[in-house]
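Each chain gets a letter, A, B and so on, in the order the sequences are listed, and its residues count up from 1.
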Protein chains: 2
Amino acid sequence: MVWFVTDRLVWYKSSMPPDGTKTRERLLDAAENLALGKGFSATTVDQVIAEAGSSKGAFFHHFASKGDLGRALVARYAAADVASLEHFMALAEDVSDDPAVQLVEFVRSFEEIGAEIAEEHQSSCLYASFVQQRELVEDGGAELIVDAIVAWRRALAEKIVAAAELRPLAADVDPDDLADHVFVTFEGAFILARATSDTSHMRTQLRVLRQSLEALLGVRSEAAPEAR
Amino acid sequence: MVWFVTDRLVWYKSSMPPDGTKTRERLLDAAENLALGKGFSATTVDQVIAEAGSSKGAFFHHFASKGDLGRALVARYAAADVASLEHFMALAEDVSDDPAVQLVEFVRSFEEIGAEIAEEHQSSCLYASFVQQRELVEDGGAELIVDAIVAWRRALAEKIVAAAELRPLAADVDPDDLADHVFVTFEGAFILARATSDTSHMRTQLRVLRQSLEALLGVRSEAAPEAR
DNA sequence: TACAAACCAGACCATCTAGTCTGGAACGGC
DNA sequence: GCCGTTCCAGACTAGATGGTCTGGTTTGTA
């Protein structure tokens with residue numbers, strides 16, 4: 001995930017570098033690009049170096065190993081991901097006081113930029129890529145991903161529970177599971193978009209997700225079209 | 001996907017071998033195991049050989065290259081996947097004449113064996129793994145995956161359209177997109193299960209999917225609990 | 001301005017990996 | 001029983017890959 005360079009993400013992208021982009025960041029950017037494009041294990045450090053216009057010496061000065069780069073990669077990715085979660089949730093909270101409407105609005109905001117997200121990320125997600133890497137998982141790198149997932153779950157489940165207090169939920173949906181379904185839809189949509197080489201699936205699947213949420217939460221579709 | 005060795009899948013697993021498991025199948029099985037576990041590009045042919053208890057000579061007798069193995073792998077996987085789609089859809093069609101109920105029942109059948117599916121597949125899906133491989137995609141290998149996706153979409157969308165003729169759909173959901181959402185949920189749930197090392201997410205996410213379908217299609221939850 | 005530390009360039013190395021090659025066993029037809 | 005074909009075992013190779021090492025430049029600091 002990660003997607004966008006929101007204002008509260010800027011400090012992140014340009015943290016340490018005083019002037020131009022620092023070598024370490026360039027390496028991370030290059031690695032992220034390549035990892036999203038062909039998977040982490042399929043990208044070589046030489047490719048990362050070439051893409052970043054750097055050198056072997058620089059690489060192993062900043063990272064102890066390729067696995068170390070991987071961990072740094074998911075760390076940055078997950079941090080940006082959670083930041084974008086908070087960003088868009090804050091925007092949604094400006095639209096309405098109703099938690100159900102906020103939730104729907106939250107999904108809608110992603111829906112609107114769905115294609116761009118898929119484009120920017122080459123229809124892929126680092127989570128999906130890294131989760132394959134057993135070594136990295138066994139090396140404590142998975143916790144970063146789980147933390148991000150939990151952050152999403154918590155933020156969304158909170159809204160769902162609050163919404164259930166206002167209107168009865170349709171059927172006996174579990175708030176945590178429903179919250180996870182947002183994450184699940186993102187990840188699945190990435191795969192669909194990539195497999196079919198059609199980034200529009202990102203938007204349409206988020207739309208289906210929103211419609212599902214509206215149906216389950218009992219929210220009217222026209223509740224918050226443009227904060228009218 | 002693929003999951004289960006249904007009766008109509010048996011011809012497949014034991015096609016050519018007259019007696020025991022043929023070497024080629026053993027190699028494919030080993031490769032599938034490893035690919036599901038650590039990704040295709042991260043598995044070496046030596047590992048495949050070792051896992052299958054075979055040899056270099058045998059491997060390159062049956063497969064022209066590692067990429068060739070990859071294609072054979074997804075071909076088999078996708079074929080079994082579509083077969084299991086048809087299998088469970090046929091079972092669902094025995095339960096009711098109502099397409100909406102059939103659809104819900106279809107999802108429920110997977111829901112029930114969700115954890116086993118995740119277990120058997122090491123919480124992973126070859127589709128997700130291979131979709132990363134750009135080379136294989138550019139080499140015509142992706143069409144196999146797309147074909148399988150389209151098969152799912154077609155079968156499910158057909159039910160949704162038929163269901164919409166009986167009851168009005170909630171909101172203006174697109175049948176194709178809703179059908180794709182089933183595939184999307186599977187893939188996303190795999191990733192969630194793998195990231196959290198918790199196979200139960202497979203079941204709970206399919207449950208959420210079912211509840212969403214019920215809400216959008218206007219089907220009562222008790223419509224077909226156990227074909228009573 | 002001196003000097004240590006951080007930073008980087010690129011030749012170099014040990015190992016791994018996909019793929020080849022040669023030799024031989026098993027099998028099927030005749 | 002002969003022979004061609006399929007099938008398989010394993011040593012071997014050319015190149016890729018992660019990682020090291022030496023030397024040099026830049027930077028911060030006193």
Side-chain angles (χ1 to χ4, degrees), chain A residues 14-35 37-74 129-130 132-136 138-139 141, chain B residues 14-35 37-74 129-130 132-136 138-139 141:
Chain A
S14 58
S15 48
M16 304 176 184
D19 45 287
T21 331
K22 264 253 179 86
T23 304
R24 188 188 152 91
E25 293 300 306
R26 285 218 323 279
L27 287 168
L28 281 172
D29 289 343
E32 186 171 311
N33 254 350
L34 291 168
K38 44 165 52 182
F40 182 72
S41 66
T43 65
T44 72
V45 321
D46 283 331
Q47 289 169 348
V48 172
I49 289 164
E51 173 102 355
S54 190
S55 70
K56 223 75 182 277
F59 183 96
F60 285 99
H61 172 75
H62 289 287
F63 306 102
S65 66
K66 189 191 172 186
D68 190 35
L69 166 73
R71 251 157 299 167
L73 213 52
V74 303
S129 174
F130 272 89
Q132 296 276 359
Q133 301 289 318
R134 280 261 188 256
E135 333 107 52
L136 206 132
E138 287 163 357
D139 231 6
Chain B
S14 57
S15 47
M16 305 176 184
D19 45 287
T21 330
K22 265 258 180 80
T23 306
R24 188 189 151 91
E25 292 301 305
R26 285 219 321 279
L27 287 168
L28 282 172
D29 288 344
E32 185 171 310
N33 254 350
L34 290 167
K38 44 165 52 181
F40 182 72
S41 66
T43 66
T44 72
V45 321
D46 284 330
Q47 288 169 348
V48 172
I49 289 164
E51 173 101 355
S54 190
S55 72
K56 223 73 186 275
F59 183 96
F60 284 99
H61 172 74
H62 288 288
F63 306 102
S65 66
K66 188 191 171 186
D68 190 34
L69 165 74
R71 250 159 299 169
L73 212 53
V74 301
S129 173
F130 272 88
Q132 295 277 358
Q133 300 291 317
R134 279 261 187 255
E135 333 108 52
L136 207 132
E138 288 162 356
D139 232 5

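The salt bridge (charged side-chain N to carboxylate O under 4.0 Å, His left out) pairs that include a residue from residues 38-54 of chain A are A:Asp46-A:Lys56, where partners are two or more places apart or lie in different chains.
To the nearest angstrom, C1' of C:dC16 lies 11 Å from CD of B:Gln47. At whole-Å resolution of the value, CD1 in A:Ile49 and P in C:dA9 are 10 Å apart. The NE2 atom of B:His62 sits 16 Å away from the C1' atom of C:dG19 (whole-angstrom rounding).
For the atom pair CD of A:Glu25 and CD of A:Glu32, the computed distance is 10.0 Å after rounding to the nearest 0.5 Å.
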With a 3.5 Å cut-off and sequence neighbours excluded, list the donor-acceptor pairs that the side chains of residues 57-68 of chain A form with protein atoms.
unit_1: A:Ser65; atom_1: OG; unit_2: A:Gly67; atom_2: N; d: 3.4
unit_1: A:Ser65; atom_1: OG; unit_2: A:Asp68; atom_2: N; d: 3.1
unit_1: A:Lys66; atom_1: NZ; unit_2: A:Phe40; atom_2: O; d: 3.3
unit_1: A:Lys66; atom_1: NZ; unit_2: A:Thr43; atom_2: O; d: 2.9
unit_1: A:Asp68; atom_1: OD2; unit_2: A:Ala64; atom_2: N; d: 3.0

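Phosphate proximity of C:dC7 to A:His61: present, with a side-chain N or O under 4.0 Å from OP1 or OP2.
Annotation: side chain of B:Asn33 is not in contact with side chain of B:Asp29 (no heavy-atom distance under 4.5 Å).
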Kindly determine whether A:Leu69 and A:Leu28 satisfy side-chain contact (heavy atoms from CB on, under 4.5 Å), including the steps that lead there.
CA-CA 8 Å; A:Leu69 166 73; A:Leu28 281 172; 3.8 Å; yes
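Here B:Thr23 pairs with nothing under the side chain to side chain donor-acceptor pair (under 3.5 Å) rule; sequence neighbours left out.
Looking at every heavy atom in both residues, A:Arg26 comes nearest to A:Gly53 through NH2-O, 3.6 Å. Closest approach of B:Leu27 to B:Ala52, counting heavy atoms only: CD2-CB, 3.8 Å. Closest heavy-atom contact between A:Ser129 and B:Gln132: CB-NE2, 3.8 Å.
Listed by residue number, B:Ser54, B:Ser55, B:Lys56, B:Gly57, B:Ala58 are the residues of residues 53-60 of chain B with a heavy-atom contact under 4.0 Å to DNA chain D.
Secondary structure note: stems in DNA chain C built from 3 or more consecutive Watson-Crick or G-U wobble pairs under 3.5 Å occupy C:1-30 with D:1-30.
Protein chain A contacts DNA chain D over a range whose 5' and 3' limits, counting nucleotides with an atom under 4.0 angstrom from a non-hydrogen atom, are D:dT17 to D:dT20.
A:Gln47 contributes a side-chain N or O that, together with a main-chain N or O of A:Thr44, makes up a donor-acceptor pair within less than 3.5 Å.
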